[in-house]
Novice: 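Here you go, one structure.
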Amino acid sequence: MKRYNPIDIEQKWQEKWEQDGTYVVDLDDHSKPKYFGFSMLPGITGAGIHTGHGRTYQFSDIKVRAKRQQGYNAYHPIAWDSFGLPVENYAIKIGKTPREAHDEAKKNFIRQLKRLGYSYDWSKEISTADPSYYKWTQWIFNQLLKNDLAYQKQSPQWWCETDQTVLANEQVEGGRCWRCGNPVVKKNLKQWFFKITEYAEELLEATDDLNWTERVKTMQKNWIGKSQGAEVTFAVDGSDEQITVFTTRPDTLFGATFLVLAPEHELAKQLTTSDVRGNVFAYIEEAARKSEIERMNDTREKTGVFTGAHAINPVTGEKIQIWIADYALASYGTGALMAVPAHDERDFAFAEKFNLPIVNVIERPESDEGTAMYHGEGVLTNSGHFDGMRSEEAREEIVTWLEQQQIGKSKISYKMRDWLISRQRYWGAPIPVVHVHGHGTIPVADDQLPVILPEVEDYKPKGGAVSVLAGVEDWVHVWFNLDTTETVPFSQGKPEGDNWHEGHRETDTMDGYACSSWYFLRYLSPFDDTQAWSLETEKHWGPVDFYNGADHAVAHLLYSRFWQRFFYKQGLASHPEPFDRMMYNAYVLASDGQKMSKSKGNVVDPMVVMDSGYGADSLRVYEMFAAPYDQEIIWDPNGVPGMYRFLNRTWTLTQEYLEATSTDLSDEASREILTITHKTIKKVTSDIQDDKFNTAVSTMMEAVNGLYKIKETNGVSQHESWKFALESLLQVLAPFAPHITEELWSDLGHTDTIHVDHWPKWDDAYLVSDSMTVIVQVNGKLRAKLELANDTSEDEVKAQSLALENVIKFLDGNEPKKVIYIPGRLVNIVV
RNA sequence: GCCGCGGUGGUGGAAUUGGUAGACACGCCAGACUCAAAAUCUUGUGAGCAUUAGCUCGUACCGGUUCAAGUCCGGUCCGCGGUACCA
């Protein structure tokens, strides 16, 4: 008998698929329904992929493979996230240029991904660092700029000393850089932003309706962080200045006993009286210098300084002190807050420490009787003629009053900030603008793109908050034509003609997330050098039917939604959301329960697993079987061998069928085989549809076990039912284990591939059996099982009397008080 | 702190959404084949008491609803993820 040797057959079929272009898609072929699915693009690093990544890429492979088999024109593309810090840092480490390091690492990725048998359309592979790609990233920048969604602003931003660049809010995790893990500090720089906040409301509103993993939706909603509240303006005592604060609790306005300004607030220094000037200025500088980590390590001990100035509480008319404290954040609301110590924990702590007045304005419910601070809602007190109102009502009344006095208004705040895209690093898409002397900042016109990133020898950060591009004289210093936006190196001298001016290129590069926010659209026109993508193709293929990944729940997925919405409004795309289904899957952890990482030395290399003789299919099946997609797998060294056993049994069964000489099979056995098969087809089909890959695998295992049972008593023959069972099983197994199924499919005499247009159909008629098990309970306890003929299931009297007979001894001579009967399922006798 | 998710055998995990708890797999035990081992095949495998049936207990803990609860409700404890001085 032919033996199952994965290594031989896997390589053979991979070569064949490549030759035949089995997974190459004609994007203009609309004769079949479309299916567009893929996983988050791999970020290139030196380590290549580990078994954890493999699991992620496999989910989309199975979804797309199943659809391809079900008659869809199914497109499973692949791209490389090539720009950004990880590649540049890796290049520095190995002493090569980012381009060299990237190209080399990419080869390894391709080798691994091909070996794992993913059904990518390799003919349409793209890379974000390719000028033919980032040309269009720059083009998108221009479109955003044109529509006032890109702007430059001087402001304090997160800065990573180690990586020598600013970072977006989404890239700071717990006060640390997402790449190197070192604490970040604030640095005041002129930076480029994309105005994602303009889309805050619509992104938030659309989130609920997304068919995405709920966790990601919740994270995005929290990140956008909408708060309904009000702005209230306080007059500064003895001055024309005013301070506007944001509050979500206008109902507590009567309890506002002091104001707090963020250290960065524009009035902070100005309001400070001369007697305390030294103190206050020192505090402001200290706050600016502190990293976020340091602020957090202060265990939230409140700090602050009194400015010497006072404001007037507009409802009480009282003079209240104005303080500066770093618990007020410059970047949220107005950078100033009204402190209501009786009803806010932080204000309370601050007031206690600095001995500031505390005034109760909300009555406590009984459960909170006597507490010094109560942050809940309730009935107002000490609040003039608003006394006795409930918070909800008082909020509206007070805001209405403030509006009448023109010192306040209803206001919504969001926690989300604009997307900071400037990076002071070399390896990224240049921001396509030129600072023209005397003429401001001018974008390079669409037809002059791309602005090519120059190849340089020494690309390492030099410090000083500018990218090394600033030192590339021939690139950065240019003659710029104001009419055409053409550029010529300054050193070549001023060209002939009008309107040439001296200028300097922008030396910041774009955040890597910009490059990955639209690659799914480029998949639809990967080699088009006349447009970023074809709207017509997008109309047919969009939106993405299936997308998955184990990372970037907020940043990448929110940025992509923002851009897609922008494209949609511009008439560049026909759908407002990019991803119809986004499945957020979990990682594979190492056997020690920790994340796999090279430094910990606990990485399981898929190549090693495959080379040890098990091949790709066993590994693939294991990663699907071990747990539901959204649950982490702790790598079990015994897992893959177990799956090999299952595949080997499938193999053996098929070989025995091929070697059988008779066609004998009893009707009963035939019926049994068909029942198993139809059940399996139905369950696996719906499980794949519902992303329940683990139970899909166990269903197929049950089928093989069931067929083995029949084999045990009847043997395997060349009977039609055996053929149907094996062919069906191979077809539903094919998305999980593409190689072995292709081999056996071919052994069964097929000359075409199993992977295109082959999916079995089930017939419900086979799923109804002649008899059914009815369980009999007494007082809810299982006491007997009855095999009833199908036609008795509707006969209540008969079923009940049968049930009673069987459990009579459990009744202790009592008469049944009540009998519950669920047809075809159970009888419960209550005594 | 706040928000979200979860707690089922020795282990990973099933359970038709209120109706046979532990599917499937790993591990382990025994048997067959073998000079022997591996591989393969066949049993058994929640705990306890009886070992022929059989009975009792059992889905983190306490309580409730129901003929019936892993599933629903209230409370407690623990774990994971996100977020964090967001006014």
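Here is the naming used below: chain letters follow the sequence lines, and residue numbers restart at 1 for every chain. Here the structure is a predicted model, which is why all the values come from computation and not from measurement. The basis for the numbers below is simple: all heavy atoms, side chains too, and nothing from hydrogens, waters or symmetry mates.
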Novice: Does B:G75 fall in syn (glycosidic angle within 90° of 0) or anti?
Specialist: anti
Novice: Looking for any heavy atom pair under 4.0 Å, which part of the strands does A:Arg215 touch: base, sugar-phosphate only, or nothing?
Specialist: sugar-phosphate
Novice: A:Glu702 has a side chain; which of B:A23, B:A14, B:G19 sits nearest to it?
Specialist: B:A23
Novice: Does this structure show an ion pair linking A:Arg395 with A:Glu377, if we count only N-O contacts that are shorter than 4.0 Å?
Specialist: yes
Novice: Would you tell me if any nitrogen or oxygen in the side chain of A:Lys785 comes within less than 4.0 Å of OP1 or OP2 on B:U20?
Specialist: no
Novice: Classify A:Lys415 by what it touches in the nucleic acid, base, sugar-phosphate, or nothing, heavy-atom distance under 4.0 Å.
Specialist: base
Novice: Please answer whether the main-chain N or O of A:Val184 pairs with a side-chain N or O of A:Arg176 as donor and acceptor at a distance below 3.5 Å.
Specialist: no
Novice: Should A:Asp630 and A:Arg215 count as an ion pair when the cut-off is N to O under 4.0 Å?
Specialist: no
Novice: Looking only at heavy atoms, what is the nearest atom pair of A:Tyr4 and A:Trp651, with distance?
Specialist: N-NE1, 3.4 Å
Novice: Are A:Lys353 and A:Glu301 ion-paired here, with the side-chain N under 4.0 Å from a carboxylate O?
Specialist: yes
Novice: Looking for any heavy atom pair under 4.0 Å, which part of the strands does A:Glu345 touch: base, sugar-phosphate only, or nothing?
Specialist: nothing
Novice: Given B:A87, B:U43, B:U56, which nucleotide is nearest the side-chain atoms of A:Lys709?
Specialist: B:U43
Novice: Applying a 4.0 Å non-hydrogen cut-off, can you work out what A:Ser331 is touching in the nucleic acid: base, sugar-phosphate, or nothing?
Specialist: nothing
Novice: Decide, yes or no, whether a salt bridge links A:Glu712 with A:Lys709 under the criterion of side-chain N to carboxylate O below 4.0 Å.
Specialist: no
Novice: For RNA chain B, what dot-bracket results from Watson-Crick or G-U pairs at under 3.5 Å, with [ ] for crossers and | for inter-strand partners?
Specialist: (((((((..(((......[....)))((.(((.......))).))((((....))))..(((((..]....))))))))))))....
Novice: At 4.0 Å (heavy atoms only), tell me whether A:Asp347 reaches a base, stays on the sugar-phosphate, or touches nothing.
Specialist: nothing
Novice: Which part of the nucleic acid, if any, lies within reach of A:Asp630 when heavy atoms closer than 4.0 Å are counted: base, sugar-phosphate only, or nothing?
Specialist: nothing
